[in-house]
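Reviewing the structure listed below.
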Amino acid sequence: MTVKSFSFKIDTNKNFEIIDITSKINELIDMGEGIVSIFSKHSTSAIVVNENESGLLNDFEFMLDNLVSDKFSYQHDRIDNNARSHLKSFLLSSSECLPIKNGNLDLGTWQSVFFIELDGPRHGRTVTLTMVGE
Ligand code: ZN
């Protein structure tokens, strides 16, 4: 059994942005079978798995905006005015742990891995991959 880790940086261009990182992760996987943890080192971002269909991705943004309303004032806004970004991140996850098979992510036909920017634009968002396998 081997453990390997890599990290890579993502620059984002909008306040809310969904970036498909599936092919980037497949490039970085260098073991045949195992599991990979995909972790974003930021509290205003997320890693999720879902379908890369443009209407659905717009629906996802719409849902988050409605769950974390801008009609209220939030205590964290007194510090750095990005409470809604953190609260959306609370609802999602900072990581996913996924299977590796034949040197690639073993995803379902309609699944992709996304980095979700919730407080952009930002330079140099860091995503860490930790692989365990052989
Ligand atoms: Zn903050």
Side-chain angles (χ1 to χ4, degrees):
M1 176 141 42
T2 309
V3 179
K4 294 182 181 177
S5 42
F6 299 98
S7 58
F8 62 95
K9 303 276 189 187
I10 298 175
D11 293 331
T12 62
N13 301 303
K14 294 186 279 186
N15 181 257
F16 179 88
E17 190 170 352
I18 300 171
I19 298 169
D20 190 327
I21 58 172
T22 311
S23 59
K24 179 73 183 171
I25 294 166
N26 279 330
E27 279 170 28
L28 290 170
I29 287 175
D30 71 343
M31 50 180 64
E33 310 289 320
I35 57 169
V36 56
S37 159
I38 303 151
F39 173 58
S40 171
K41 300 186 81 168
H42 308 277
S43 57
T44 54
S45 69
I47 303 290
V48 301
V49 175
N50 217 297
E51 182 177 349
N52 193 350
E53 190 279 310
S54 60
L56 179 65
L57 300 182
N58 288 333
D59 292 339
F60 178 53
E61 180 176 11
F62 177 79
M63 177 192 74
L64 287 173
D65 279 338
N66 282 285
L67 287 171
V68 185
S69 173
D70 60 4
K71 289 184 289 193
F72 306 114
S73 65
Y74 297 101
Q75 293 184 27
H76 183 70
D77 285 339
R78 295 185 301 219
I79 298 170
D80 66 358
N81 203 36
N82 66 352
R84 292 181 74 229
S85 303
H86 288 279
L87 293 169
K88 289 174 185 174
S89 182
F90 267 107
L91 294 173
L92 303 170
S93 175
S94 59
S95 69
E96 289 280 355
C97 191
L98 299 172
I100 298 168
K101 192 174 178 184
N102 299 322
N104 282 295
L105 290 170
D106 188 23
L107 294 168
T109 305
W110 302 107
Q111 289 180 313
S112 294
V113 184
F114 299 109
F115 175 86
I116 311 296
E117 174 61 78
L118 298 166
D119 194 32
R122 296 287 188 109
H123 179 71
R125 294 293 215 178
T126 302
V127 174
T128 298
L129 306 185
T130 306
M131 290 166 235
V132 180
E134 55 193 11

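All residue numbers in this chain count up from 1 along the given sequence. Numbering of ligands and ligand atoms starts at 1, following listing order. Just so you know, these numbers come straight off a predicted model, no measurement behind them.
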Exercise. With no hydrogens and no angle check, is any side-chain donor or acceptor of Ser89 less than 3.5 Å from a backbone partner on Ser45?
Worked result: yes
Problem set entry | Check ion pair Asp65-Lys88 (N to O, under 4.0 angstrom) | yes
Exercise. OG of Ser23 to CG of Leu105: how many Å apart, nearest 0.5 Å?
Worked result: 10.0 Å
For this session: Could you verify whether a donor N or O on one side chain and an acceptor N or O on the other, from Ser73 and Arg78, lie under 3.5 Å apart?
Result: no
Problem set entry | Heavy-atom check, side chain of Asp119 versus side chain of Glu117, under 4.5 Å | yes
For this session: Could you name all protein N, O or S atoms found under 2.8 Å from the Zn ion (ligand 1)?
Result: His76 NE2, Asp80 OD1, Asp80 OD2, Asn82 OD1, His86 NE2
Exercise. With distance as the sole test, does Asn50 use its side chain to make a donor-acceptor pair with the main-chain N or O of Gln111 at under 3.5 Å?
Worked result: no
